[in-house]
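It should be emphasised that the depicted structure is a prediction, and the values quoted were computed from it without experimental measurement.
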Amino acid sequence: MTDPAVSLQTNFSCDLLVVGAGINGAGIARDAAGRGLRVLLCEQHDLASHTSSASSKLIHGGLRYLEHYQFGLVRKSLREREVLIRAAPHLIRPLRFIMPHAPHLRPAWMIRLGLLFYDHLARRRMLAGSSNVDLRTHIAGKALQPGYTRGFCYSDGWADDARLVAMSAKDAAERGATVLTRTRCIGLNREHANWTASLQRADGRKLTVSARAVVNATGPWVVDFLRTTAALKTRHDVRLVQGSHIIVPRCFEQDEAYVFQGVDRRIVFALPYEKKFTLIGTTDVDFSGDPATCGTLPSEIEYLCTAANRYFRNPVSASDVVASYTGVRPLLRDEASNAAAVSRDYALELDTQGAPLLSVFGGKITTFRRLSEEALDLLMAPLGQNATGWTKTATLPGGDFKDGDFSALLDELRSRYAWLPVAVRERYAHAYGTRTVRLLADASQLADLGDEVLPELYAREIDYLCREEWATCAEDILWRRSKLGLHLGPDSGATLDAWLTRRGADSAIA
């Protein structure tokens, strides 16, 4: 949905320039556009191409943060869980977690007390409360070593993190924002009541933007952007912490996930993932260097396998890993010596020594909507505006189905598109929600979807993702707009990129 007219002109004016299209940047652009501001969102790579697509895929309060007395953050996060589930029930869904009890690590009374706090720190309407579990009879016990006979069960949410970013950007665009991916902000100068920004597209073309205010939502680059691009100082700092996840063949039968306690007092999640797989993570390793160059370390793979093998009956090893991913989290720097204990809260720093500049430090995917609302509340007065927040009761694109009843949506799509293969129909429902109808449009048979470029990936969907969701290459489509890359062969990316190149050439000729 990039506007060709905007991308080709050399000058552009807006109320708010948002730099960085991870979850916070996309959320801020969405909120701002909904309040009537003229917004330009730019991202040096693809939407969610770094930290925001490398999360544990959880919308959660952060049970372990209670141990570090971060009650305010936990309460704030817990309040947001159900807000987000209602906003995007196709992308976010409740998930039950099983925590096997390891008595030598934490006593049962401590865990039970923590879960009671977790249940009651914020009101719950959609999520079930915690309970005890007898692992000798519960299905979750089958995959565990026989020594684990007792456990605890509680609720949080699972999310498609990359699509959450894409749909936030989509909503921003539909409310009037301009979204430019593969566009880097290479210069930022304050000139009295406005900022002048120099943007550079991937093909080298440049665009000059005049903005009344700027938001620095560059994630792990937040401090570097202030110091080098804007030539400004900052009161806050971030601690860069690398977190890695591994994906292995499915380790258990049930739909519940596991929470494993480690001997280092960290916890590791084992989540059901893409039906055929188990997602295991995460690590906390201090990072230095360019966040774009991070990668999963052999030591991290060993750590996650070791943590899982303390619990699973059938061990996992490095040779079982079918994929891994790594992101660098920009955690708000504090006095904690252990990376795992660093706060996951955020700080918003507003510089009004001239045209406003707001910088985002820290944060987590669960609190992105709240963060975005607070950011806009801070910017309204300096911009001479008084529009109030609106996102708490709004749905994201595709999430507007009755009562968030996903089974009803599936029934509707089954009735309307009976000819569509079940696996494809279910994937569309989860990815696009009610927008599946827009994707399929007037199609009445499988042939109407065009070439099957890769198994279960048709030309119709590829064109939709390029036209509506800023996808430009195979990686965007196979790993961020979908997770089809996990299910396809190693040459699938090259095949899709070649098809996209031919498609572009054919369009240019036409």
Side-chain angles (χ1 to χ4, degrees), residues 55-58 60 63-64 67 93-112 114-115 118 128-158 243-285 296-326 340 483 486-487:
S55 76
S56 294
K57 322 300 181 193
L58 298 179
H60 65 141
L63 179 61
R64 69 185 179 90
E67 223 171 23
R93 58 182 179 268
L95 180 63
R96 294 288 276 173
F97 290 80
I98 304 292
M99 179 187 291
H101 183 223
H104 62 291
L105 297 178
R106 291 174 179 89
W109 68 263
M110 179 184 292
I111 297 173
R112 197 71 193 96
L115 288 172
Y118 206 65
S130 62
S131 62
N132 295 320
V133 173
D134 185 345
L135 294 174
R136 294 169 298 183
T137 57
H138 194 283
I139 187 174
K142 291 178 62 176
L144 300 175
Q145 294 178 21
Y148 295 103
T149 60
R150 181 182 183 184
F152 308 91
C153 188
Y154 70 95
S155 297
D156 264 322
W158 181 93
S244 294
H245 297 75
I246 58 174
I247 301 169
V248 299
R250 189 73 180 249
C251 297
F252 48 89
E253 300 175 14
Q254 78 281 354
D255 293 330
E256 293 95 340
Y258 291 102
V259 181
F260 296 146
Q261 303 175 74
V263 293
D264 57 0
R265 300 191 69 80
R266 294 189 70 258
I267 60 172
V268 168
F269 296 108
L271 312 173
Y273 193 60
E274 288 290 305
K275 295 185 178 180
K276 298 179 180 179
F277 303 98
T278 295
L279 175 64
I280 302 173
T282 180
T283 58
D284 284 297
V285 179
T296 308
L297 302 171
S299 58
E300 291 179 292
I301 295 175
E302 180 182 2
Y303 173 88
L304 293 174
C305 289
T306 299
N309 290 340
R310 292 193 182 100
Y311 292 86
F312 280 139
R313 185 184 300 266
N314 297 320
V316 295
S317 67
S319 61
D320 296 316
V321 176
V322 297
S324 67
Y325 62 85
T326 301
K483 296 296 181 286
L486 266 177
H487 304 276

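L58 has its side chain out of reach of D156: every pair of non-hydrogen atoms, C-beta onward, lies at least 4.5 Å apart. Contact annotation: the side chain of F252 never approaches that of I98 to less than 4.5 Å [non-hydrogen atoms, C-beta and beyond]. A 4.5 Å side-chain heavy-atom check between T278 and R250 finds at least one atom pair inside the cut-off.
Put simply, the side chain of S130 never gets that close to the backbone of C153: no donor and acceptor are under 3.5 Å apart. The backbone N or O of L297 sits less than 3.5 Å from a side-chain atom of E300, completing a donor-acceptor pair. Counting only distance, with no hydrogens or angles, the side chain of R265 and the backbone of L105 share a donor-acceptor pair below 3.5 Å. The closest donor-acceptor contact from the side chain of R136 to the backbone of G141 lies at 3.5 Å or more, if one exists at all. Side-chain atoms of S324 do not come within 3.5 Å of backbone N or O of T296 as any donor-acceptor pair. For the pair Y311 (side chain) and Q261 (backbone), a donor-acceptor distance under 3.5 Å is present. In terms of modelled atom types and a separation under 3.5 Å, the side chain of H101 and the main chain of R106 share a donor-acceptor contact. For the pair Y258 (side chain) and A140 (backbone), a donor-acceptor distance under 3.5 Å is present. With Q145 contributing its side chain and N309 its backbone, the two residues share a donor-acceptor pair below 3.5 Å.
In this model, no donor atom of one side chain and acceptor atom of the other lie less than 3.5 Å apart for T283 and R266. Judged purely by distance below 3.5 Å, without hydrogens or angles, the side chains of R96 and S155 pair a donor atom with an acceptor atom.
The side chain to side chain donor-acceptor pair (under 3.5 Å) test applied to E256 returns no partner, not counting sequence neighbours.
More than 12 heavy atoms of other residues, nucleotides or ligands sit less than 6.0 Å from atom CD of E67.
With values rounded to the nearest 0.5 angstrom, F312 atom CZ is found 4.0 Å from F260 atom CZ. Here the straight-line distance linking atom CG of L95 with atom NE2 of H60 works out to 11.5 Å at 0.5 Å rounding. Interatomic distance, L63 CG to Y118 OH, rounded to the nearest 0.5 Å: 5.5 Å.
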